[in-house]
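What follows is a short report on a single structure.
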Amino acid sequence: MKELSDIGLVGLAVMGENLILNMESKGYTVTAYNRSVEKVESFLDGRAKGKKIRGAASIEELVASLEKPRKIKLMVKAGQAVDDFIEQLIPHLEPGDIIIDGGNTHYPDTNRRTDYLKEKGLLFIGTGVSGGEEGALTGPSIMPGGAPEAWPHVKDILQDISAKVDDGSPCCDWVGEGGAGHFVKMIHNGIEYGDMQLICEAYQIMKDVLGMSADEMHEVFAEWNEGDLDSYLIEITRDILAYKDDDGEPLVDKILDTAGQKGTGKWTGIVALDLGIPLTLISEAVFSRCISSRKDERVKASQVVKGPETTFDGDKKQLIKDLKDALYASKIISYAQGYLLMREAAKEFGWHLNYGGIALMWRGGCIIRSSFLGNIKDAFDKNPELENLLLDDYFRKTVEDAQAGWRRVAATALTQGIPAPAITSALSYFDGFRTARLPANLLQAQRDYFGAHTYERIDHDRGEFFHTNWTGRGGDTASTTYNA
Ligand code: 2AM
């Protein structure tokens, strides 16, 4: 073992342990530390036995065991634990040393910590890590941001342990300044919410409109996974549908329909509202989980509130084909909206984001990995300044080609009374996006009528505001206005 370790890792829960083993397997020497020090001993005697991994019994020992500039990765509970370790580490570190937070941190905390450590001459990186326990061990998607000067020192190790795509490119690259890495991880999670909701809507339409069995749906997802929809989430859905409980019945049918959430989808929706970005699909996915969790209310309502009493008499094969188009088109909308939000956040926070690189980071290792992300990478390679994915030729044409089927699916869900908020709201966004004149002229008139909020006119320059005394009773004094 080398005299000094390449990196230290604090936090011996499963993600931390697996990342250490991953680093070690790539040839790095690692020092392990944990608040409850007995876990260091049991790790060294267990999974780390015989490997280039040393333990530290204290922060001092950890710091003394590292090559300079020191690199210490925190894999502890997000929040106070990160701040506590930073405070414990500061007195022992020297200018240029690097602290990396690999936890599920909210990006404003990473913005704050990057600035705080910069004042102390230290470099901070906040990185999203996606791929779960298995990914941590075999190759996760890693999304680092923070102090750009730190990147050259950690690039090799982070890229070596990350997932690789077919051509060997690592699913890890520099994301941007401050909290950009954790922001992009948050968007990843939001997109994950959207992708899962879309699949669930397709599932419910197959189950409740077409009356398909789990085995039949398994076949459909297996086929979809061979085409444009090829992705981890379609693949696991295929396998879930085939999984039988002890009595031979599909396990999925016995699972209670109340979805949990840990908050990253909600964070994504809140930022979208704050920045005025129409992130409709992901927001609907979050609200769908909220509706699902109100099970008692739904059960009671189902006994008294009637929906339409129609049965589907269309072509079953065609609807399955249409569902595939609806899923793919809606997914494009969701990513287009997620990218819009990243662009706006980059403007707001002064980040320089590499949009194609982000698609590549998500291409492998993480929950939303899919071949589709290769198309997004291509779109940004062609035009790094692409304003909206829907303006890229490939995506525009794909959505145009899919829209007939997509509209049939939305219409079927609506007439049959099956909730499909992600698929239908994505279609409404698409129609809003491609409509030159929306009814907001009337809305502005209403605002001016009741609140003297003023309006602009199509026959005058932008920026000139008018107020009308609509009833003859109001005054001519306009109120101040702002644009959301
Ligand atoms: P522990 O083993 O001492 O509980 C995941 O929970 C990891 O975060 C574990 O390594 C855990 O350490 C650590 N952790 C959780 N809360 C912490 C806190 N407040 N301070 C330090 N470490 C903490």
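Whatever order the structure lists ligands and atoms in, that order sets their numbers, starting from 1. Quick note: numbers below take in every heavy atom, side chains included, and nothing from hydrogens, waters or symmetry partners.
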Requested in this report: Using only heavy-atom distances, determine whether the side chains of Asp195 and Tyr335 contain a donor-acceptor pair under 3.5 Å.
Outcome: yes

Report task. Taking all non-hydrogen atoms of both residues into account, name the closest pair between Met15 and Met75 and its distance. Result -> CB-CE, 3.9 Å

Exercise answer, ligand 1 polar atom pairs (N/O) under 3.5 angstrom:
residue: ligand 1; atom: 2 (O); partner: Asn34; partner atom: ND2; Å: 2.9
residue: ligand 1; atom: 2 (O); partner: Lys39; partner atom: NZ; Å: 2.5
residue: ligand 1; atom: 3 (O); partner: Arg35; partner atom: NE; Å: 3.0
residue: ligand 1; atom: 3 (O); partner: Ser36; partner atom: N; Å: 3.1
residue: ligand 1; atom: 3 (O); partner: Ser36; partner atom: OG; Å: 2.4
residue: ligand 1; atom: 4 (O); partner: Arg35; partner atom: NH2; Å: 2.9
residue: ligand 1; atom: 8 (O); partner: Lys77; partner atom: N; Å: 3.2
residue: ligand 1; atom: 10 (O); partner: Leu12; partner atom: N; Å: 3.3
residue: ligand 1; atom: 10 (O); partner: Asn34; partner atom: OD1; Å: 2.7
residue: ligand 1; atom: 19 (N); partner: Arg35; partner atom: NH1; Å: 3.3
residue: ligand 1; atom: 20 (N); partner: Arg35; partner atom: NH1; Å: 3.4

Query raised in the report: Looking only at heavy atoms, which two atoms of Cys172 and Leu158 are closest? And how far apart?
Result: SG-CB, 3.8 Å

Query - All salt bridge (Lys or Arg N to Asp or Glu O under 4.0 Å) counterparts of Lys295, not counting sequence neighbours - result: Asp257

Query - Arg47/Glu17 salt bridge by N-O under 4.0 Å criterion - result: yes

Query raised in the report: Do the side-chain N and O atoms of Glu67 and Ser5 include a donor-acceptor pair separated by under 3.5 angstrom?
Result: no

